[in-house]
Amino acid sequence: MEPGRWALAGNWLERDQMPVHVKGRILIGWSRDDWFTMVTKLVFPDTEIEAISQQYRGRMDSGDRQYTFVLQHSLLGKVEGEGWVAPETIVQRYWVLGDRQRRTGFETLRRDGNDKYSMSSAIMAGHYLTSAMEAVLTYQGTGG
């Protein structure tokens with residue numbers, strides 16, 4: 001994904017609940033030595049649901065199609081994960097470190113042009129889905 005600011009808009013689903021609107025912002029940065037950072041904040045307008053923040057850090061060598069990352073997640077705590085980059089899709093899988101509930105998750109981002117992605121993601125506890133999200137990410141540029 002391009003470095004800069006991205007906007008997120010979509011729906012959040014939790015077990016036995018109606019979908020709620022979710023909005024968010026994503027900041028992506030790349031360093032010269034192939035390290036990336038991604039900071040995400042999700043908010044749920046007109047609900048009591050607390051905002052979710054995520055801070056990723058990972059490395060992907062030029063030409064590679066696979067990478068690993070660490071993530072600090074406001075709901076899950078410390079997380080590790082891996083990602084694969086296909087020609088039109090980015091797939092990430094992650095797991096919560098030292099978690100008795102055995103929580104894991106995944107994200108799939110499908111490119112819909114240079115400035116837009118469709119995203120689906122889910123969090124699981126053991127073998128059961130606990131939440132899911134569908135959203136569209138739109139590139140906002142690199143300016144302040």
Side-chain angles (χ1 to χ4, degrees), residues 1-31 33-60 64-144:
M1 290 180 70
E2 291 295 317
R5 294 177 293 121
W6 292 79
L8 178 148
N11 295 292
W12 180 269
L13 298 90
E14 291 190 3
R15 182 173 293 281
D16 301 324
Q17 302 293 319
M18 294 297 295
V20 297
H21 184 65
V22 61
K23 294 183 354 180
R25 294 181 184 205
I26 302 169
L27 296 173
I28 298 175
W30 284 91
S31 69
D33 57 354
D34 299 324
W35 284 91
F36 68 88
T37 58
M38 185 166 75
V39 177
T40 302
K41 182 168 186 180
L42 304 177
V43 295
F44 304 90
D46 305 319
T47 72
E48 298 290 320
I49 301 173
E50 194 169 323
I52 298 172
S53 61
Q54 304 171 63
Q55 295 182 5
Y56 293 78
R57 179 163 166 77
R59 186 167 194 269
M60 186 168 79
D64 279 355
R65 294 245 172 237
Q66 298 176 0
Y67 60 94
T68 58
F69 62 90
V70 294
L71 164 63
Q72 183 63 42
H73 193 290
S74 64
L75 291 179
L76 303 175
K78 292 183 181 182
V79 174
E80 287 185 355
E82 65 174 334
W84 287 16
V85 179
E88 297 297 324
T89 308
I90 300 168
V91 178
Q92 293 189 151
R93 180 180 95 79
Y94 58 85
W95 49 94
V96 180
L97 299 176
D99 187 46
R100 290 184 179 184
Q101 297 177 52
R102 297 185 351 244
R103 290 175 296 179
T104 62
F106 71 88
E107 297 176 350
T108 302
L109 296 118
R110 172 134 177 95
R111 182 197 302 262
D112 294 331
N114 288 335
D115 61 350
K116 192 171 168 184
Y117 283 83
S118 295
M119 177 184 192
S120 61
S121 66
I123 298 173
M124 295 159 279
H127 299 291
Y128 299 97
L129 287 170
T130 59
S131 64
M133 182 174 61
E134 60 181 9
V136 172
L137 282 62
T138 307
Y139 188 61
Q140 305 293 297
T142 58

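Residues take their numbers from the sequence shown, with the count starting at 1.
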Side chain to side chain contact (heavy atoms under 4.5 Å, CB included) evaluation trace for Met133 with Leu8: CA-CA 11 Å; Met133 182 174 61; Leu8 178 148; 4.2 Å; yes

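- Side-chain contact between Asp46 and His21 is absent, with no heavy-atom pair separated by less than 4.5 Å.
- Across all non-hydrogen atoms, the minimal contact from Leu129 to Ala122 is CD2-CB, 3.6 Å.
- Between the OG1 atom of Thr104 and the NE2 atom of His127 there is a distance of 9.5 Å, given to the nearest 0.5 Å.
- Classification of the Trp30-Phe36 ring pair by plane angle, with boundaries at 30° and 60°, yields tilted.
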Under 3.5 Å, which donor-acceptor pairs do the side chains of residues 65-75 form with other protein atoms, sequence neighbours left out?
from	atom 1	to	atom 2	distance (Å)
Arg65	NH1	Val85	O	3.4
Tyr67	OH	Gln92	OE1	2.7
His73	ND1	Leu75	N	3.1
His73	ND1	Leu76	N	3.2
Ser74	OG	Ser53	N	2.9
Ser74	OG	Ser53	O	3.4

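- Counted within 6.0 Å of CH2 on Trp35, heavy atoms from surrounding residues, nucleotides or ligands total more than 12; the atom is thus considered enclosed.
- Glu82 meets the salt bridge (Lys or Arg N to Asp or Glu O under 4.0 Å) test with Arg93; sequence neighbours excluded.
- Nearest heavy-atom pair, Met124 versus Phe106, reported as atom, atom and distance to 0.1 Å: CE-CD2, 3.8 Å.
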Intermediate values then yes/no, side chain to side chain contact (heavy atoms under 4.5 Å, CB included), Met60 and Asp34: CA-CA 6 Å; Met60 186 168 79; Asp34 299 324; 5.7 Å; no

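- Between Tyr56 and Val79 the shortest side-chain heavy-atom distance does not fall below 4.5 Å.
- Atom CZ of residue Arg111 and atom CD1 of residue Ile90 lie 7.5 Å apart, to the nearest 0.5 angstrom.
- The shortest non-hydrogen separation linking Trp12 to Val22 is N-CG1, 4.1 Å.
- Nearest heavy atoms, Ser131 versus Glu14: CB-CG, 4.1 Å.
- Scored by the salt bridge (Lys or Arg N to Asp or Glu O under 4.0 Å) test, Arg59 finds Asp61 as partners (sequence neighbours excluded).
- Looking at Arg25, its side chain never comes within 3.5 Å of a backbone N or O of Arg5 through a donor-acceptor pair.
- In this structure, OG1 on Thr40 lies 8.5 Å from CG on Leu137, to the nearest 0.5 angstrom.
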Are Asn114 and Glu2 close enough, and set up right, to give a side chain to side chain contact (heavy atoms under 4.5 Å, CB included), and what steps lead you there? CA-CA 8 Å; Asn114 288 335; Glu2 291 295 317; over 6 Å; no

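- Summarising the geometry of Val91 relative to Thr89, their closest heavy-atom pair is CG2-CG2, 3.8 Å, with the distance given to 0.1 Å.
- Distance CZ/Phe44 to CD/Glu50: 10.0 Å, rounded to 0.5 Å.
- When atom types are taken as modelled, the side chain of Asp99 and the backbone of Arg103 share a donor-acceptor pair closer than 3.5 angstrom.
- Counting heavy atoms from C-beta outward, Tyr94 and Ile123 have side chains that approach closer than 4.5 Å.
- Separating the CE atom in Met38 from the CD1 atom in Ile26 is a distance of 6.0 Å, to the nearest 0.5 Å.
- One finds the OG atom of Ser121 at 10.0 Å from the CG atom of Leu13 (value rounded to the nearest 0.5 Å).
- Here the shortest heavy-atom pairing between Val136 and Thr138 reads CG1-OG1, 4.0 Å.
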